[in-house]
Amino acid sequence: QLQLVESGGGLVQPGGSLRLSCAASGFTLNYYAIAWFRQAPGKEREGVSCISRSGDSANYADSVKGRFTISRDNAKNTVYLQMNSLKPEDTAVYYCAAGPSDYVCISDEFDYWGQGTQVTVSS
């Protein structure tokens, strides 16, 4: 069964850090571009970051530039999202998604989605 599983979410104080993981099972992640999305209650889903299959290129939403870093370890079949200097407005359910070409980072056409992990930033 092809599956993406996110982990690493939780409750953190403003200014804190979290690292999210997106692990694949049933398929090899290095053939896919991977993106992180988030959705807060009452808001539309927002693209956060996307990384190419090789890991050589990545893009970020303006709201997270300079604070979040996406990376991948193809040997571990896992993609990470390091989140620093977290703000209350980063509170959301974070999802990872996989698409079969680097173009999906522009087209937003992903084949596989995880179930999400909750991130709450609050004092």
Side-chain angles (χ1 to χ4, degrees):
Q1 187 176 359
L2 306 180
Q3 217 173 7
L4 290 173
V5 179
E6 302 93 339
S7 62
L11 173 64
V12 63
Q13 292 187 344
S17 298
L18 283 174
R19 189 178 78 158
L20 304 183
S21 298
C22 172
S25 63
F27 65 105
T28 302
L29 210 55
N30 54 313
Y31 295 127
Y32 292 82
I34 305 297
W36 285 96
F37 292 85
R38 66 186 181 185
Q39 188 164 22
K43 294 189 176 181
E44 291 188 355
R45 188 183 70 196
E46 174 189 19
V48 174
S49 182
C50 191
I51 189 166
S52 64
R53 289 169 296 174
S54 67
D56 287 347
S57 65
N59 58 38
Y60 298 90
D62 288 343
S63 57
V64 306
K65 275 181 185 175
R67 300 188 298 121
F68 290 11
T69 303
I70 192 170
S71 62
R72 64 191 303 156
D73 186 339
N74 286 338
K76 294 184 178 179
N77 224 24
T78 302
V79 171
Y80 304 98
L81 184 69
Q82 178 67 44
M83 306 187 296
N84 299 328
S85 302
L86 282 161
K87 305 175 181 180
E89 51 263 44
D90 294 318
T91 296
V93 178
Y94 284 71
Y95 302 88
C96 63
S101 76
D102 293 345
Y103 184 69
V104 300
C105 289
I106 299 172
S107 70
D108 203 21
E109 296 174 339
F110 294 91
D111 291 345
Y112 305 109
W113 290 81
Q115 294 299 306
T117 185
Q118 176 70 47
V119 171
T120 303
V121 185
S122 175
S123 55

Considering only heavy atoms from C-beta outward, does the side chain of N74 approach that of T28 to under 4.5 Å? no
Min side-chain heavy-atom separation L20-M83 under 4.5 Å: yes
Within the supplied structure, the quantity of interest is the number of heavy atoms (other residues, nucleotides, ligands) at a distance under 6.0 Å from Q115 CD; does it exceed 12? no
Please check this pair: side chain of R72 against backbone of S52, looking for a donor-acceptor N/O pair closer than 3.5 Å. yes
Treating S85 as the side-chain partner and G15 as the backbone partner, does any N or O pair qualify as donor plus acceptor under 3.5 Å? no
Just to verify, what does [X] make a side-chain contact (heavy atoms from CB on, under 4.5 Å) with, not counting sequence neighbours?
X	answer
S25	Q3
S21	S7, T78, Y80
S123	P14
T120	L11, T91, Q118, S122

Pairs meeting criterion salt bridge (Lys or Arg N to Asp or Glu O under 4.0 Å) with involvement of residues 109-123, two or more places apart: none
Can you label the angle between the F110 ring and the F37 ring as parallel, tilted or perpendicular, going by 30° and 60°? perpendicular
Would you please test Y112 and F27 for side-chain contact (heavy atoms from CB on, under 4.5 Å) and show each step? CA-CA 11 Å; Y112 305 109; F27 65 105; 4.1 Å; yes
Sorted by chain and residue number, the side-chain hydrogen bond (donor to acceptor under 3.5 Å, both in side chains) partners of K65 (sequence neighbours excluded) come out as D62
Starting from the C-alpha separation in whole Å, work towards a yes-or-no answer on side-chain contact (heavy atoms from CB on, under 4.5 Å) for R45 and D108. CA-CA 12 Å; R45 188 183 70 196; D108 203 21; 3.9 Å; yes
Sequence neighbours excluded - disulfide (SG to SG under 2.5 Å) pairs with any residue from residues 15-69: C22-C96, C50-C105
Applying salt bridge (Lys or Arg N to Asp or Glu O under 4.0 Å), can you list everything that pairs with [X], at least two apart in sequence or on another chain?
X	value
D102	R53
E46	R38
R67	D90

Consider only side-chain heavy atoms of I, L, V, M, F, W and Y, link residues closer than 4.5 Å, and tell whether W113 and V104 are in one cluster. yes
Can L81 be reached from V12 by stepping across I, L, V, M, F, W or Y side chains whose heavy atoms are under 4.5 Å apart? yes
Suppose the criterion is ring pair (Phe, Tyr, Trp, His ring centres under 6.0 Å): which pairs have a residue in residues 82-106, not counting sequence neighbours? none
Just jot down the ring pair (Phe, Tyr, Trp, His ring centres under 6.0 Å) partners of Y31, sequence neighbours excluded, or say none. none
For side-chain contact (heavy atoms from CB on, under 4.5 Å), just list the numbers for N59 and I70, CA-CA rounded to whole Å, side-chain angles, deciding distance to a tenth of an Å, and then say yes or no. CA-CA 9 Å; N59 58 38; I70 192 170; over 6 Å; no
